[in-house]
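Remember, it's a predicted structure, so these values are computed and weren't measured experimentally.
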Amino acid sequence: MDYLAMNELGLADQHGSFRGRMGRKRTSYDETGGYKSKNLHAERRRREKLSNRLLTLRALVPIITNMNKGTIIEDAITYIQELKKNVEALTDMLQEMEASSSEEETKTRVSEIDASEEMKQCGIKEDVQVSNIDGDKLWIKIILEKKRGGFGRLMEKMACFGLELIDSNVTTSKGAMLVTACVEGAFGDNLTVQQTKELLTQIIKGI
């Protein structure tokens, strides 16, 4: 087939050279170089990202024995395993503390229930008595259920309401707590018998 016929069939290029049988054009050197350049840039970005992540990992691990990549990863694994053990130990400790606290609360509730039942069986009821003894001083007698921390809460609330104890005595028996004391106004206030009795009655109901 001569050149004219080849040209008519579209098999000749601009320079007069002929294409292959299938009419495919060979990839030029410039195109191949462009592909390689793109691959190199992608690989460089991937390595930079990996290096940055390793640096971040190295900063989070307190002890690094060597600066190569493999050692950084091994040290990180060791550190994570130690953290896991610490978490498990702390979790066990917390569960033991919660169990102990729950057991103590249960004992306290049982003790308070027993105290209340004992008071009822003995016919003892909560009571407040107040009388005037000398000027602004009052004598008080309080019978209330024996509870853990009950006396401390009683003193705190009395102080909040401006009642100052001059002398006090506390005894417990048959599930009840007996408090006797002399009180006066903490700020020089004149205390009346009725008002003080009503106030103390309100206080012991909230304990």
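In terms of heavy-atom proximity, Lys197 sits nearest to Thr201 at O-OG1, 2.8 Å. Contact detail for Ile133 and Cys182: the closest heavy-atom pair is CD1-SG, 3.6 Å. Taking both residues in full, the closest heavy atoms of Arg153 and Arg148 are given as NH1-O, 3.2 Å, listed atom of the first, atom of the second, then distance. Pairing each heavy atom of Glu126 with each of Glu145, the nearest pair is OE2-N, 3.4 Å. Contact record, Leu165 with Ala181: CD2-CB, 3.9 Å, taken as the closest heavy-atom pair. Across Asp75 and Asn66, no two heavy atoms sit closer than the pair OD2-N, 4.1 Å.
The one candidate from Asn169, Thr171, Leu144, Ile124 that meets the side chain to side chain contact (heavy atoms under 4.5 Å, CB included) condition with Leu178 is Thr171. When each of Ile204, Ile140, Leu200, Leu154 is paired with Val179, the side chain to side chain contact (heavy atoms under 4.5 Å, CB included) condition holds for Leu154 and for no other.
The CG atom of Leu191 lies 5.0 Å from the CG atom of Leu138; values are rounded to the nearest 0.5 Å. Atom NZ of Lys137 and atom OG of Ser131 lie 13.5 Å apart (nearest 0.5 Å). Once rounded to the nearest 0.5 Å, the distance linking CE of Met97 with CG of Leu90 reads 10.5 Å. Within the model, atoms CD of Gln129 and NZ of Lys141 stand 5.0 Å from one another, a figure rounded to the nearest 0.5 Å. Lys157 NZ to Gln202 CD: the interatomic distance, rounded to the nearest 0.5 Å, is 8.5 Å. Here Thr180 contributes atom OG1 and Ile142 contributes atom CD1; the two are 9.5 Å apart, rounded to the nearest 0.5 Å.
Ion pair Glu43/Arg47 flagged as a salt bridge, since at least one NZ, NE, NH1 or NH2 atom sits closer than 4.0 Å to an Asp/Glu carboxylate oxygen.
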Checklist entry - Can you check side-chain contact (heavy atoms from CB on, under 4.5 Å) on Val130 and Trp139, steps first, answer last? => result CA-CA 6 Å; Val130 182; Trp139 179 83; over 6 Å; no
Checklist entry - Can Lys125 and Ile143 be said to form a side-chain contact (heavy atoms from CB on, under 4.5 Å), step by step? => result CA-CA 7 Å; Lys125 296 181 180 180; Ile143 299 174; over 6 Å; no
Checklist entry - Stepwise, does the side-chain contact (heavy atoms from CB on, under 4.5 Å) test hold for Glu48 with Arg44? => result CA-CA 6 Å; Glu48 288 178 355; Arg44 188 178 295 113; 3.8 Å; yes
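Under the 4.5 Å side-chain contact rule for hydrophobic residues, Phe161 and Met155 share a cluster. Hydrophobic clustering (ILVMFWY, side-chain heavy atoms < 4.5 Å, transitive): Val170 and Ile203 are in one cluster. Residues Ile77 and Val61 fall within the same hydrophobic cluster, defined by Ile, Leu, Val, Met, Phe, Trp and Tyr side chains chained together at heavy-atom separations under 4.5 Å. Linking Ile, Leu, Val, Met, Phe, Trp and Tyr whenever their side-chain heavy atoms come within less than 4.5 Å leaves Ile63 and Leu54 in two separate clusters.
Counting only residues at least two apart or in different chains, side chain to side chain donor-acceptor pair (under 3.5 Å) contacts with residues 77-90 are absent.
Remark: Glu198 engages Gln194 in a side-chain hydrogen bond (donor to acceptor under 3.5 Å, both in side chains) (not counting sequence neighbours).
Between the Asn132 side chain and the Val193 main chain, no donor and acceptor come within less than 3.5 Å of each other.
In this structure the side chain of Met158 reaches within 4.5 angstrom of the side chain of Val183, judged on heavy atoms.
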